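Predicted, not measured: the structure shown is a model, and the values here were computed from it. Chain letters run A, B, ... following the sequence lines, proteins first and then strands; every chain starts at 1.
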2 protein chains.
Amino acid sequence: MLYGITGGLLIVLMRLVEYKYLVIENSVAMYGGLVAALFTCLGIYFGLKLTRTKEVIVEVPVNSPGVPFKPDEKKKAELGITNREFEILEHMARGLSNREIANTIFVSENTVKTHTSKLFEKLNAKRRTQAVQNAKNMGLIP
Amino acid sequence: MLYGITGGLLIVLMRLVEYKYLVIENSVAMYGGLVAALFTCLGIYFGLKLTRTKEVIVEVPVNSPGVPFKPDEKKKAELGITNREFEILEHMARGLSNREIANTIFVSENTVKTHTSKLFEKLNAKRRTQAVQNAKNMGLIP
DNA sequence: CCGTATTTCATACTTTCGTATGAAGCGTTT
DNA sequence: AAACGCTTCATACGAAAGTATGAAATACGG
(Lines give C-alpha, C1' and ligand atoms only; values in the text may rest on other atoms or scores of the structure.)
Protein backbone atom coordinates (compact mmCIF):
# COMPACT_ATOMS: atom_id res chain seq x y z
CA MET A 1 0.00 0.00 0.00
CA LEU A 2 2.67 2.41 1.05
CA TYR A 3 4.53 1.43 -2.03
CA GLY A 4 1.61 2.19 -4.29
CA ILE A 5 0.99 5.56 -2.68
CA THR A 6 4.63 6.52 -2.86
CA GLY A 7 4.79 5.44 -6.47
CA GLY A 8 1.65 7.37 -7.32
CA LEU A 9 2.88 10.51 -5.63
CA LEU A 10 6.14 10.23 -7.43
CA ILE A 11 4.49 9.89 -10.75
CA VAL A 12 2.30 12.85 -10.10
CA LEU A 13 5.28 14.84 -8.97
CA MET A 14 7.23 13.90 -12.00
CA ARG A 15 4.41 14.83 -14.30
CA LEU A 16 4.07 18.18 -12.68
CA VAL A 17 7.73 18.84 -12.85
CA GLU A 18 7.83 17.68 -16.41
CA TYR A 19 5.09 19.96 -17.56
CA LYS A 20 5.98 22.92 -15.51
CA TYR A 21 9.67 23.17 -15.94
CA LEU A 22 10.20 21.84 -19.36
CA VAL A 23 11.77 18.63 -20.37
CA ILE A 24 15.43 18.24 -19.92
CA GLU A 25 17.28 16.03 -22.32
CA ASN A 26 18.06 13.13 -20.09
CA SER A 27 15.07 13.46 -17.93
CA VAL A 28 14.51 9.72 -17.88
CA ALA A 29 17.96 9.16 -16.45
CA MET A 30 17.46 11.84 -13.84
CA TYR A 31 14.08 10.65 -12.76
CA GLY A 32 15.34 7.11 -12.78
CA GLY A 33 18.21 8.14 -10.55
CA LEU A 34 15.89 9.91 -8.17
CA VAL A 35 13.58 6.96 -7.99
CA ALA A 36 16.51 4.66 -7.54
CA ALA A 37 17.95 6.67 -4.70
CA LEU A 38 14.64 7.00 -2.96
CA PHE A 39 13.79 3.35 -3.17
CA THR A 40 17.25 2.34 -2.18
CA CYS A 41 16.69 4.22 1.03
CA LEU A 42 13.33 2.56 1.41
CA GLY A 43 14.94 -0.82 0.81
CA ILE A 44 17.58 -0.19 3.39
CA TYR A 45 14.99 0.90 5.88
CA PHE A 46 12.76 -2.11 5.40
CA GLY A 47 15.65 -4.47 5.15
CA LEU A 48 16.85 -3.37 8.53
CA LYS A 49 13.44 -3.13 10.11
CA LEU A 50 12.33 -6.57 9.07
CA THR A 51 15.41 -8.65 9.55
CA ARG A 52 17.47 -6.92 12.16
CA THR A 53 19.04 -9.61 14.30
CA LYS A 54 18.92 -9.00 17.93
CA GLU A 55 22.13 -8.82 19.84
CA VAL A 56 22.51 -12.12 21.51
CA ILE A 57 24.77 -12.46 24.47
CA VAL A 58 25.61 -16.01 25.26
CA GLU A 59 27.60 -16.68 28.33
CA VAL A 60 29.61 -19.80 27.86
CA PRO A 61 31.37 -21.17 30.89
CA VAL A 62 34.76 -22.08 29.60
CA ASN A 63 37.75 -23.32 31.46
CA SER A 64 40.66 -23.31 29.10
CA PRO A 65 39.62 -24.43 25.62
CA GLY A 66 38.01 -21.55 23.84
CA VAL A 67 40.09 -18.97 25.59
CA PRO A 68 43.34 -19.10 23.63
CA PHE A 69 45.28 -18.08 26.72
CA LYS A 70 47.49 -15.07 26.69
CA PRO A 71 50.81 -15.25 28.50
CA ASP A 72 51.29 -12.58 31.11
CA GLU A 73 53.71 -10.26 29.33
CA LYS A 74 54.05 -8.04 32.36
CA LYS A 75 55.26 -10.87 34.52
CA LYS A 76 57.50 -12.02 31.76
CA ALA A 77 59.15 -8.62 31.48
CA GLU A 78 59.19 -8.22 35.21
CA LEU A 79 61.24 -11.37 35.56
CA GLY A 80 63.44 -10.42 32.63
CA ILE A 81 62.62 -13.54 30.68
CA THR A 82 63.79 -13.25 27.09
CA ASN A 83 61.89 -14.54 24.11
CA ARG A 84 64.20 -17.43 23.57
CA GLU A 85 64.01 -18.44 27.17
CA PHE A 86 60.26 -18.30 27.09
CA GLU A 87 60.22 -20.43 23.99
CA ILE A 88 62.23 -23.05 25.79
CA LEU A 89 59.99 -22.80 28.81
CA GLU A 90 57.02 -23.68 26.66
CA HIS A 91 58.71 -26.75 25.26
CA MET A 92 59.80 -27.72 28.72
CA ALA A 93 56.23 -27.49 29.93
CA ARG A 94 55.19 -29.82 27.16
CA GLY A 95 57.45 -32.44 28.66
CA LEU A 96 60.30 -32.34 26.20
CA SER A 97 63.85 -33.23 27.22
CA ASN A 98 66.75 -30.85 26.68
CA ARG A 99 67.83 -32.85 23.67
CA GLU A 100 64.40 -32.83 22.14
CA ILE A 101 64.12 -29.10 22.64
CA ALA A 102 67.53 -28.65 21.07
CA ASN A 103 66.48 -30.63 18.02
CA THR A 104 63.22 -28.78 17.80
CA ILE A 105 64.66 -25.30 17.73
CA PHE A 106 67.90 -26.30 16.01
CA VAL A 107 70.47 -25.40 18.64
CA SER A 108 72.87 -27.49 20.66
CA GLU A 109 71.87 -29.24 23.85
CA ASN A 110 74.36 -27.09 25.73
CA THR A 111 72.58 -23.97 24.58
CA VAL A 112 69.32 -25.31 25.88
CA LYS A 113 71.00 -26.01 29.19
CA THR A 114 72.22 -22.45 29.55
CA HIS A 115 68.75 -21.16 28.82
CA THR A 116 67.15 -23.52 31.29
CA SER A 117 69.65 -22.58 33.96
CA LYS A 118 68.83 -18.93 33.53
CA LEU A 119 65.15 -19.73 33.56
CA PHE A 120 65.50 -21.53 36.86
CA GLU A 121 67.08 -18.46 38.38
CA LYS A 122 64.41 -16.15 37.07
CA LEU A 123 61.59 -18.47 38.01
CA ASN A 124 63.15 -19.23 41.36
CA ALA A 125 63.18 -22.93 40.66
CA LYS A 126 65.66 -25.71 41.25
CA ARG A 127 64.21 -28.18 38.80
CA ARG A 128 62.37 -28.09 35.52
CA THR A 129 59.21 -29.48 37.04
CA GLN A 130 59.27 -26.70 39.57
CA ALA A 131 59.98 -24.12 36.90
CA VAL A 132 56.95 -25.27 34.95
CA GLN A 133 54.77 -25.21 38.04
CA ASN A 134 55.91 -21.73 39.03
CA ALA A 135 55.48 -20.41 35.51
CA LYS A 136 51.98 -21.80 35.53
CA ASN A 137 51.13 -20.12 38.80
CA MET A 138 52.44 -16.84 37.51
CA GLY A 139 50.26 -17.03 34.43
CA LEU A 140 53.16 -17.35 32.04
CA ILE A 141 51.94 -20.62 30.57
CA PRO A 142 48.52 -22.33 30.50
CA MET B 1 30.50 2.50 -9.34
CA LEU B 2 28.17 -0.44 -9.26
CA TYR B 3 25.35 1.98 -8.91
CA GLY B 4 26.39 3.98 -11.94
CA ILE B 5 26.78 0.92 -14.08
CA THR B 6 23.46 -0.49 -13.05
CA GLY B 7 21.78 2.83 -13.71
CA GLY B 8 23.38 3.13 -17.12
CA LEU B 9 22.36 -0.33 -18.13
CA LEU B 10 18.85 0.30 -17.00
CA ILE B 11 18.59 3.46 -19.02
CA VAL B 12 19.90 1.79 -22.12
CA LEU B 13 17.49 -1.03 -21.63
CA MET B 14 14.61 1.30 -21.14
CA ARG B 15 15.51 3.23 -24.28
CA LEU B 16 15.65 0.08 -26.31
CA VAL B 17 12.39 -1.19 -24.98
CA GLU B 18 10.81 2.19 -25.49
CA TYR B 19 11.73 2.49 -29.14
CA LYS B 20 11.24 -1.05 -30.12
CA TYR B 21 8.01 -1.98 -28.52
CA LEU B 22 6.12 1.22 -28.62
CA VAL B 23 5.14 3.39 -25.80
CA ILE B 24 2.54 2.23 -23.43
CA GLU B 25 0.35 4.74 -21.80
CA ASN B 26 1.78 4.77 -18.33
CA SER B 27 5.26 3.76 -19.31
CA VAL B 28 6.81 6.15 -16.87
CA ALA B 29 4.95 4.53 -14.07
CA MET B 30 5.93 1.09 -15.16
CA TYR B 31 9.55 1.87 -15.63
CA GLY B 32 9.53 3.73 -12.41
CA GLY B 33 8.06 0.73 -10.69
CA LEU B 34 10.66 -1.53 -12.18
CA VAL B 35 13.46 0.73 -11.13
CA ALA B 36 11.91 1.10 -7.73
CA ALA B 37 11.64 -2.65 -7.22
CA LEU B 38 15.15 -3.28 -8.39
CA PHE B 39 16.69 -0.64 -6.23
CA THR B 40 14.63 -1.68 -3.29
CA CYS B 41 16.23 -5.07 -3.54
CA LEU B 42 19.62 -3.44 -3.82
CA GLY B 43 18.85 -1.32 -0.81
CA ILE B 44 17.82 -4.31 1.23
CA TYR B 45 20.92 -6.17 0.22
CA PHE B 46 23.29 -3.38 1.14
CA GLY B 47 21.36 -2.50 4.22
CA LEU B 48 21.80 -6.00 5.53
CA LYS B 49 25.31 -6.41 4.37
CA LEU B 50 26.57 -3.24 5.94
CA THR B 51 24.78 -3.16 9.24
CA ARG B 52 23.92 -6.68 10.19
CA THR B 53 24.69 -7.11 13.83
CA LYS B 54 26.70 -10.11 14.69
CA GLU B 55 25.91 -12.52 17.42
CA VAL B 56 27.95 -11.59 20.39
CA ILE B 57 29.29 -14.44 22.41
CA VAL B 58 30.78 -13.56 25.73
CA GLU B 59 32.97 -16.25 27.09
CA VAL B 60 33.16 -16.21 30.82
CA PRO B 61 36.33 -17.85 31.98
CA VAL B 62 35.46 -20.18 34.80
CA ASN B 63 38.58 -22.06 35.66
CA SER B 64 39.60 -23.31 38.94
CA PRO B 65 38.01 -20.86 41.33
CA GLY B 66 34.59 -22.25 42.00
CA VAL B 67 35.40 -25.66 40.70
CA PRO B 68 37.67 -27.30 43.28
CA PHE B 69 38.75 -29.88 40.71
CA LYS B 70 38.03 -33.51 41.13
CA PRO B 71 40.54 -36.04 39.82
CA ASP B 72 39.18 -38.39 37.20
CA GLU B 73 38.81 -41.60 39.20
CA LYS B 74 37.73 -43.52 36.13
CA LYS B 75 40.89 -42.72 34.28
CA LYS B 76 42.91 -43.45 37.35
CA ALA B 77 41.38 -46.91 37.70
CA GLU B 78 41.54 -47.47 33.98
CA LEU B 79 45.28 -46.93 34.04
CA GLY B 80 45.67 -48.98 37.18
CA ILE B 81 47.26 -46.20 39.15
CA THR B 82 47.39 -47.03 42.84
CA ASN B 83 46.76 -44.53 45.62
CA ARG B 84 50.37 -44.34 46.59
CA GLU B 85 51.43 -43.76 43.03
CA PHE B 86 48.87 -41.05 42.61
CA GLU B 87 50.06 -39.40 45.78
CA ILE B 88 53.54 -39.30 44.38
CA LEU B 89 52.25 -38.01 41.07
CA GLU B 90 50.73 -35.05 42.86
CA HIS B 91 53.96 -34.20 44.61
CA MET B 92 55.81 -34.60 41.35
CA ALA B 93 53.44 -32.17 39.70
CA ARG B 94 54.19 -29.66 42.42
CA GLY B 95 57.78 -29.74 41.33
CA LEU B 96 59.31 -31.79 44.12
CA SER B 97 62.39 -33.94 43.58
CA ASN B 98 62.42 -37.63 44.38
CA ARG B 99 64.31 -36.93 47.57
CA GLU B 100 61.89 -34.25 48.66
CA ILE B 101 58.96 -36.53 47.99
CA ALA B 102 60.66 -39.28 49.95
CA ASN B 103 61.12 -36.98 52.92
CA THR B 104 57.57 -35.73 52.64
CA ILE B 105 55.88 -39.11 52.76
CA PHE B 106 58.57 -40.75 54.92
CA VAL B 107 59.87 -43.41 52.61
CA SER B 108 63.24 -43.96 50.99
CA GLU B 109 64.24 -42.28 47.77
CA ASN B 110 64.46 -45.69 46.12
CA THR B 111 60.85 -46.35 46.92
CA VAL B 112 59.87 -43.12 45.27
CA LYS B 113 61.86 -44.14 42.25
CA THR B 114 60.03 -47.42 41.86
CA HIS B 115 56.73 -45.63 42.10
CA THR B 116 57.73 -43.04 39.58
CA SER B 117 58.97 -45.69 37.18
CA LYS B 118 55.66 -47.48 37.33
CA LEU B 119 53.87 -44.18 36.89
CA PHE B 120 55.82 -43.46 33.75
CA GLU B 121 54.73 -46.77 32.28
CA LYS B 122 51.12 -46.22 33.15
CA LEU B 123 51.12 -42.65 31.95
CA ASN B 124 53.10 -43.52 28.85
CA ALA B 125 55.80 -41.01 29.71
CA LYS B 126 59.57 -41.04 29.55
CA ARG B 127 60.19 -38.15 31.93
CA ARG B 128 58.52 -36.67 34.93
CA THR B 129 57.69 -33.49 33.11
CA GLN B 130 55.94 -35.53 30.46
CA ALA B 131 54.16 -37.60 33.08
CA VAL B 132 52.82 -34.46 34.68
CA GLN B 133 51.71 -33.07 31.36
CA ASN B 134 49.96 -36.29 30.35
CA ALA B 135 48.29 -36.62 33.73
CA LYS B 136 47.04 -33.09 33.34
CA ASN B 137 45.62 -33.78 29.90
CA MET B 138 43.88 -36.86 31.20
CA GLY B 139 42.23 -34.90 33.97
CA LEU B 140 44.08 -36.68 36.74
CA ILE B 141 45.56 -33.53 38.18
CA PRO B 142 44.60 -29.84 37.86
C1' DC C 1 81.60 3.50 17.39
C1' DC C 2 81.09 1.55 21.99
C1' DG C 3 78.67 -0.86 25.64
C1' DT C 4 75.12 -3.92 26.86
C1' DA C 5 71.95 -7.68 26.25
C1' DT C 6 70.92 -11.71 23.76
C1' DT C 7 72.00 -15.91 21.79
C1' DT C 8 74.98 -19.33 20.78
C1' DC C 9 78.28 -23.03 22.12
C1' DA C 10 81.97 -25.75 24.63
C1' DT C 11 84.16 -28.30 28.38
C1' DA C 12 84.10 -30.34 32.75
C1' DC C 13 81.98 -31.84 36.73
C1' DT C 14 78.15 -32.92 40.16
C1' DT C 15 73.65 -34.25 40.96
C1' DT C 16 69.40 -36.13 39.97
C1' DC C 17 66.63 -39.17 37.36
C1' DG C 18 65.30 -43.38 35.44
C1' DT C 19 65.86 -48.51 34.64
C1' DA C 20 66.71 -53.22 35.85
C1' DT C 21 66.52 -56.66 39.07
C1' DG C 22 65.64 -58.83 43.18
C1' DA C 23 63.55 -59.26 47.54
C1' DA C 24 60.81 -58.84 51.84
C1' DG C 25 56.57 -57.64 54.54
C1' DC C 26 51.45 -57.34 54.51
C1' DG C 27 46.70 -57.59 53.60
C1' DT C 28 43.00 -59.85 50.53
C1' DT C 29 41.18 -63.19 47.90
C1' DT C 30 40.64 -67.85 46.53
C1' DA D 1 47.82 -71.91 53.11
C1' DA D 2 48.87 -70.24 48.49
C1' DA D 3 48.41 -66.62 45.25
C1' DC D 4 48.14 -62.00 44.26
C1' DG D 5 48.66 -57.08 44.53
C1' DC D 6 50.57 -53.18 46.97
C1' DT D 7 54.21 -51.12 49.28
C1' DT D 8 58.63 -50.97 50.80
C1' DC D 9 63.70 -50.99 49.99
C1' DA D 10 68.49 -52.06 48.04
C1' DT D 11 72.22 -52.09 44.63
C1' DA D 12 74.08 -50.79 40.50
C1' DC D 13 74.45 -48.64 36.16
C1' DG D 14 73.43 -45.54 32.33
C1' DA D 15 71.18 -41.41 30.96
C1' DA D 16 69.64 -37.00 31.65
C1' DA D 17 69.70 -32.75 34.09
C1' DG D 18 71.88 -29.03 36.19
C1' DT D 19 76.14 -25.88 37.48
C1' DA D 20 80.19 -23.20 36.58
C1' DT D 21 82.97 -20.75 33.60
C1' DG D 22 84.53 -18.79 29.55
C1' DA D 23 83.96 -17.21 24.99
C1' DA D 24 82.29 -15.46 20.57
C1' DA D 25 78.83 -13.50 17.36
C1' DT D 26 74.92 -10.58 16.71
C1' DA D 27 71.85 -6.88 17.62
C1' DC D 28 70.49 -2.65 19.50
C1' DG D 29 70.48 1.87 21.69
C1' DG D 30 73.16 5.88 23.01
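Rounded to a whole Å, the CG atom of A:Leu119 is 12 Å from the P atom of C:dT6. The distance between atom CD of A:Glu109 and atom C1' of D:dA17, rounded to the nearest whole Å, is 9 Å. Atom CZ of A:Phe106 is separated from atom C1' of C:dT8 by 16 Å (rounded to the nearest Å). B:Glu85 places its CD atom 13 Å from the P atom of D:dG5, with the value rounded to the nearest Å. Taking atom CD1 on B:Ile88 and atom C1' on C:dC17, their separation rounds to 14 Å, with Å as the unit. Nucleotide D:dC6 holds its P atom 11 Å from the NE2 atom of B:His115, rounded to whole Å. Across the protein-nucleic acid pair, B:Asn110 atom CG and D:dT11 atom P stand 8 Å apart, rounded to whole Å. Between the P atom of C:dC9 and the CG atom of A:Asn98 lies a distance of 14 Å, rounded to the nearest Å.
Between B:Ser108 and B:Lys113, it is B:Ser108 whose nearest contact on DNA chain D lies nearer the 5' terminus. Projected onto DNA chain D by closest heavy-atom contact, B:Ile105 and A:Met92 fall at different nucleotides, the more 5' of which corresponds to B:Ile105.
Listed nucleotides C:dC17, D:dT21, D:dC9 differ in distance to A:Thr114; the shortest reach to its side chain belongs to D:dT21. The side chain of B:Lys118 lies closest to D:dT7 when the candidates are D:dA10, C:dC17, D:dT7. Set against C:dT7, D:dT21, D:dA10, the side chain of A:Thr82 has C:dT7 as its closest nucleotide. Closest contact between the side chain of B:Arg99 and the listed nucleotides D:dA17, C:dG18, C:dT16 involves C:dT16. Considering only the side chain of B:Arg84, D:dT7 comes nearest among D:dT7, C:dG18, D:dA17. For A:Ser117, whose side chain is taken as the heavy atoms from C-beta onward, the closest listed nucleotide among D:dC9, D:dT19, C:dC17 is D:dT19. Closest contact between the side chain of B:Thr111 and the listed nucleotides D:dT7, D:dA17, D:dT8 involves D:dT8. Set against D:dA17, D:dG18, C:dT8, the side chain of B:Arg127 has D:dA17 as its closest nucleotide.
Atom CG of A:Asn103 is surrounded by more than 12 heavy atoms from other residues, nucleotides or ligands within 6.0 Å.
Residues B:Ser117 and B:Thr114 have side chains that never bring a donor and an acceptor to within less than 3.5 angstrom of each other.
A:Glu85 places a side-chain N or O within 3.5 Å of a backbone atom of A:Thr82 that can act as its donor or acceptor partner.
Both cation-pi conditions hold for B:Lys76 and B:Phe86: the charged atom is under 6.0 angstrom from the six-membered ring centre and inside a 45 degree cone around its axis.
Residues A:Ile88 and A:Thr116 are in side-chain contact: their nearest non-hydrogen atoms beyond the backbone lie under 4.5 Å apart.
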